[in-house]
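Report on the following structure.
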Amino acid sequence: MDVSFLGGPCPQRGVGVVAPFDFALDRELWRWVPDEVSLHLTRTPYVPVEVSLDLARLVSEHETLGDAVRALTAVAPEVVAYACTSGSFVGGIAGERAMCAAMSLAGAPPSVTTSGALLEALAELGVRRLALVTPYTVSVTRALEEYIAEGGVQVTGCAFMGLTREIWRVPYRDVVGMARQAVRPGAADALFISCTNLPTYDVIPQLEAELRIPVLSANQVTMWAALRKLGTRAVGPYQALLDESARAWPPPVPPVLPEETQEGWT
């Protein structure tokens with residue numbers, strides 16, 4: 001059969017993604033990506049360490065980043081994203097900038113990190129007061145608070161889960177419960193839900209409709225920043241960071257999805 005009329009696949013633009021070895025939400029990342037963009041993921045080597053500041057340092061070592069970037073250059077991505085919140089805030093703002101420099105030195109095109117993308121997103125929305133939800137222990141959560149304060153933003157409320165493993169298994173109802181604890185009425189300009197291994201895509205518009213403030217998440221800001229480097233937009237209906245019409249409160253309330261259809265919930 002002659003298939004020459006098909007012409008071949010449509011051209012794709014590539015985003016390289018370096019993720020920690022235990023990252024389990026590949027499918028969630030793809031939900032923010034428009035059809036003309038492909039994600040090319042690689043992971044850092046396994047180390048037998050639970051989620052902690054020690055692990056954050058190990059998965060962000062410059063040698064590890066360099067090896068990952070060199071592996072990705074074979075498929076010629078136009079931008080590389082380091083998709084790990086704790087790994088990119090553990091060294092403070094100077095550490096995050098050094099990570100981007102290390103990726104560039106290893107051959108990366110323009111690069112972004114999750115924590116660097118967070119500060120960009122806060123500046124984009126004019127956020128000066130921020131509430132936090134994290135799945136982390138106290139020590140990792142405090143390090144995030146220090147990073148945000150270094151960026152000139154006040155943390156006005158925080159709720160954390162104290163987890164050290166299998167963060168991707170947290171159900172949406174727990175994320176929503178923690179968000180309600182962290183946000184005090186009138187005290188925050190936005191909410192940030194930390195950790196790229198915490199499922200958030202479907203709860204963002206629901207929480208924005210309830211809390212009447214922008215809700216940011218680690219995977220969301222990572223994809224937003226990476227795609228912005230390409231000159232294109234992330235896909236996220238009813239998400240204030242991605243959809244300017246959703247910044248006029250109260251935003252439209254999307255339909256509630258049944259639990260079994262929510263992505264990233266295992």
Side-chain angles (χ1 to χ4, degrees), residues 12-17 19 23-41 78-79 81-85 112-127 130-133 168 170-173 175-176 178-179 183 188-259 261-265:
Q12 291 281 293
R13 306 184 70 186
V15 174
V17 179
F23 180 71
L25 299 184
D26 305 53
R27 185 175 176 84
E28 176 165 283
L29 286 185
W30 276 95
R31 298 184 73 188
W32 275 288
V33 177
D35 289 343
E36 70 274 12
V37 175
S38 286
L39 297 182
H40 309 297
L41 275 83
E78 295 180 51
V79 61
Y82 177 68
C84 179
T85 322
V112 300
T113 73
T114 300
S115 295
L118 169 61
L119 295 186
E120 285 185 41
L122 296 179
E124 173 77 8
L125 296 173
V127 173
L130 184 67
L132 291 179
V133 167
W168 69 88
V170 174
Y172 280 158
R173 63 179 175 271
V175 176
V176 170
M178 298 298 282
V183 178
D189 302 321
L191 168 69
F192 175 59
I193 305 171
S194 190
C195 189
T196 55
N197 231 358
L198 189 64
T200 58
Y201 187 95
D202 292 313
V203 299
I204 290 172
Q206 306 296 333
L207 283 172
E208 289 188 336
E210 176 181 335
L211 301 174
R212 301 295 192 266
I213 55 175
V215 174
L216 310 176
S217 79
N219 283 332
Q220 179 207 49
V221 299
T222 304
M223 289 296 95
W224 168 78
L227 291 166
R228 192 158 77 154
K229 292 282 188 185
L230 295 185
T232 191
R233 298 172 65 92
V235 178
Y238 303 108
Q239 298 180 22
L241 177 64
L242 313 180
D243 181 356
E244 291 187 11
S245 66
R247 300 179 193 179
W249 308 107
V253 180
V256 176
L257 299 176
E259 291 184 355
T261 67
Q262 295 178 335
E263 297 289 353
W265 192 349

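Here R233 does not pair with E244 in a salt bridge; the nearest charged N to carboxylate O distance is not below 4.0 Å.
Across every non-hydrogen atom of T232 and E36, the tightest pair is OG1-OE2, 3.5 Å. Among all heavy-atom pairs drawn from Y172 and E28, the shortest one is OH-OE1, 4.2 Å. Of all heavy-atom pairs between A131 and V183, the closest is CB-CG2, 3.8 Å. Residues V37 and W30 approach most closely at O-CZ3, 3.8 Å, considering heavy atoms. Nearest heavy-atom pair, E208 versus V215, reported as atom, atom and distance to 0.1 Å: OE2-N, 2.8 Å. F192 approaches S217 most closely through the heavy-atom pair CE1-C, 3.6 Å.
Put simply, the side chain of R31 never gets that close to the backbone of Y201: no donor and acceptor are under 3.5 Å apart. T85 places no side-chain N or O within 3.5 Å of a backbone atom of S115 that could act as its donor or acceptor partner. Looking at N219, its side chain does come within 3.5 Å of a backbone N or O of T196 through a donor-acceptor pair.
Considering L191, L122, V127 in turn, L122 is the only one that fulfils the side chain to side chain contact (heavy atoms under 4.5 Å, CB included) rule with L216.
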Q: Mind running side-chain contact (heavy atoms from CB on, under 4.5 Å) on Q239 and W32 for me, showing each step along the way?
A: CA-CA 11 Å; Q239 298 180 22; W32 275 288; 3.0 Å; yes
Q: Would you sort out whether T222 and T114 count as a side-chain hydrogen bond (donor to acceptor under 3.5 Å, both in side chains), showing the intermediate values?
A: CA-CA 5 Å; T222 304; T114 300; 2.8 Å; yes
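Summarising the geometry, atom CE belonging to M178 is positioned 11.0 Å from atom CG belonging to L132; distances are rounded to the nearest 0.5 Å. Remark: T200 OG1 to L198 CG distance equals 6.5 Å, nearest 0.5 Å. A distance of 12.0 Å separates CD of E120 from CG of L125, quoted to the nearest 0.5 Å.
Considering only heavy atoms from C-beta on, L241 comes within 4.5 Å of Q220 through its side chain. Between W224 and L242 there is a side-chain heavy-atom pair separated by less than 4.5 Å. For the pair V15 and E78, the minimum side-chain heavy-atom distance is 4.5 Å or more. Within the 4.5 Å cutoff, the side chain of L227 has heavy atoms near those of the L230 side chain. Residues M223 and L29 form a side-chain contact, since some pair of their non-hydrogen atoms from C-beta on lies under 4.5 Å apart. Proximity of I193 to V175: side-chain heavy atoms (C-beta onward) are separated by under 4.5 Å at one or more points.
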